[in-house]
Amino acid sequence: MREVEVDVYESGEIKKLIASLTNDEPSEAATSARSLGKACVVEAVPELRRVLVSTSSFRLRNACAIALSDLADEGCVPIIAALLEDPATAGQRGSLLYALEPFDCRSLFPLLVEIAAFDGFEARHTAFDLLCAVEGDVDPGVVKDAMKVAQSALETATDERRNSNLDLVEL
């Protein structure tokens, strides 16, 4: 299936794209999710959220998360946070984190520190970027606990992770 440039007034095509999110072929469903996000089809939000939490395909999950991000759906933030905490997403969290870029991530501060300290390369760096982008005050107790996590990660860091963990402690 090719990516479709959707005119928001073509409701028949929009309905087909939304229906195809449940396609048995995850790559086709992911293409539909990307198209819905790019076309800013707000009416797709409930189905994108449903598929985001129910799919076992990381490609489809990532496409739904990014589509929801493109749609500026702040309601996806706690859903993505829950997915980031799910061990089943280990090794596949980079796009989920990327989808959080437009949102206020202060409430995710401890989770982002944990990922930046201990996860894989892409997830660590994306989480660090999200932490750098946090604006506004973060509860001092949360920051203190996060600092303990960062220092603990630094103490046990491999050579590969030492520099990124030093950056995390410094942050």
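All figures in this text were calculated on a predicted structure; none of them were measured in a lab. Side chains are part of it too, since the values below use all heavy atoms of this structure and drop only hydrogens, waters and symmetry mates.
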I'd like to know if Val113 and Tyr98 are part of one continuous hydrophobic network [Ile/Leu/Val/Met/Phe/Trp/Tyr, side-chain heavy atoms within less than 4.5 Å].
no

Which side-chain N or O atoms in residues 129-145 pair as donor and acceptor under 3.5 Å with protein atoms at least two apart or in another chain?
unit_1, atom_1, unit_2, atom_2, d
Asp139, OD2, Gly141, N, 2.9
Asp139, OD2, Val142, N, 3.2

Given Asn23 and Ser32, is the side chain to side chain contact (heavy atoms under 4.5 Å, CB included) satisfied, shown in steps?
CA-CA 9 Å; Asn23 189 313; Ser32 294; over 6 Å; no

Answer whether the closest heavy-atom distance between the side chains of Thr126 and Leu100 falls below 4.5 Å.
no

Is the shortest side-chain heavy-atom distance between Ile115 and Leu84 below 4.5 Å?
yes

Residue pairs, two or more places apart or on separate chains, that pass salt bridge (Lys or Arg N to Asp or Glu O under 4.0 Å) and touch residues 89-100:
Arg93-Asp119

Any side-chain heavy atom of Thr22 sitting closer than 4.5 Å to one from Arg50?
yes

For Thr89 and Glu85, indicate whether the former's side chain and the latter's backbone hold a donor-acceptor pair under 3.5 Å.
no

Any donor and acceptor pair, going by atom type alone, linking the side chain of Thr55 with main-chain N or O of Val51 inside 3.5 Å?
no

For Leu60, is there any backbone N or O sitting under 3.5 Å from a side-chain donor or acceptor partner on Ser57?
yes

Members sharing Phe58's hydrophobic cluster, built from side-chain contacts under 4.5 Å between Ile, Leu, Val, Met, Phe, Trp and Tyr, are none

Any pair with a residue in residues 55-69 that passes salt bridge (Lys or Arg N to Asp or Glu O under 4.0 Å), sequence neighbours left out, goes on the list, sorted by first then second residue, please.
none

Is Ile66 linked to Leu68 within one hydrophobic cluster, defined over Ile, Leu, Val, Met, Phe, Trp and Tyr using a side-chain heavy-atom separation of less than 4.5 Å?
no

The test is side chain to side chain contact (heavy atoms under 4.5 Å, CB included); show your working for Leu48 and Leu21 and say whether it passes.
CA-CA 8 Å; Leu48 286 165; Leu21 290 173; 3.8 Å; yes

Return the set of residues passing side chain to side chain donor-acceptor pair (under 3.5 Å) with Asp104 (not counting sequence neighbours), or none when no residue passes.
Arg106

Glu28 side, atom CD; Ser20 side, atom OG - distance, nearest 0.5 Å
8.0 Å

Distance in Å, Glu47 CD paired with Lys15 NZ, rounded so as to fall on 0.5 Å steps:
14.0 Å

Between Ser95 and Asn62 (side chain of the first, backbone of the second, donor and acceptor by atom type, cut-off under 3.5 Å), is there such a pair?
no

Can you tell me if Phe103 has over 12 outside heavy atoms packed within less than 6.0 Å of its CZ?
yes

Is there side-chain contact between Cys40 and Leu71, with at least one heavy-atom pair below 4.5 Å?
yes

Distance-only donor-acceptor hits, side chain of residues 73-81, under 3.5 Å, sequence neighbours excluded:
unit_1, atom_1, unit_2, atom_2, d
Asp73, OD1, Arg49, NH2, 2.6
Asp73, OD1, Gly75, N, 3.3
Asp73, OD2, Arg49, NE, 2.9
Asp73, OD2, Arg49, NH2, 3.3
Asp73, OD2, Cys76, N, 3.4

Would you compute the distance between atom CG of Leu36 and atom CG of Asp70 and round it to the nearest 0.5 angstrom?
10.5 Å

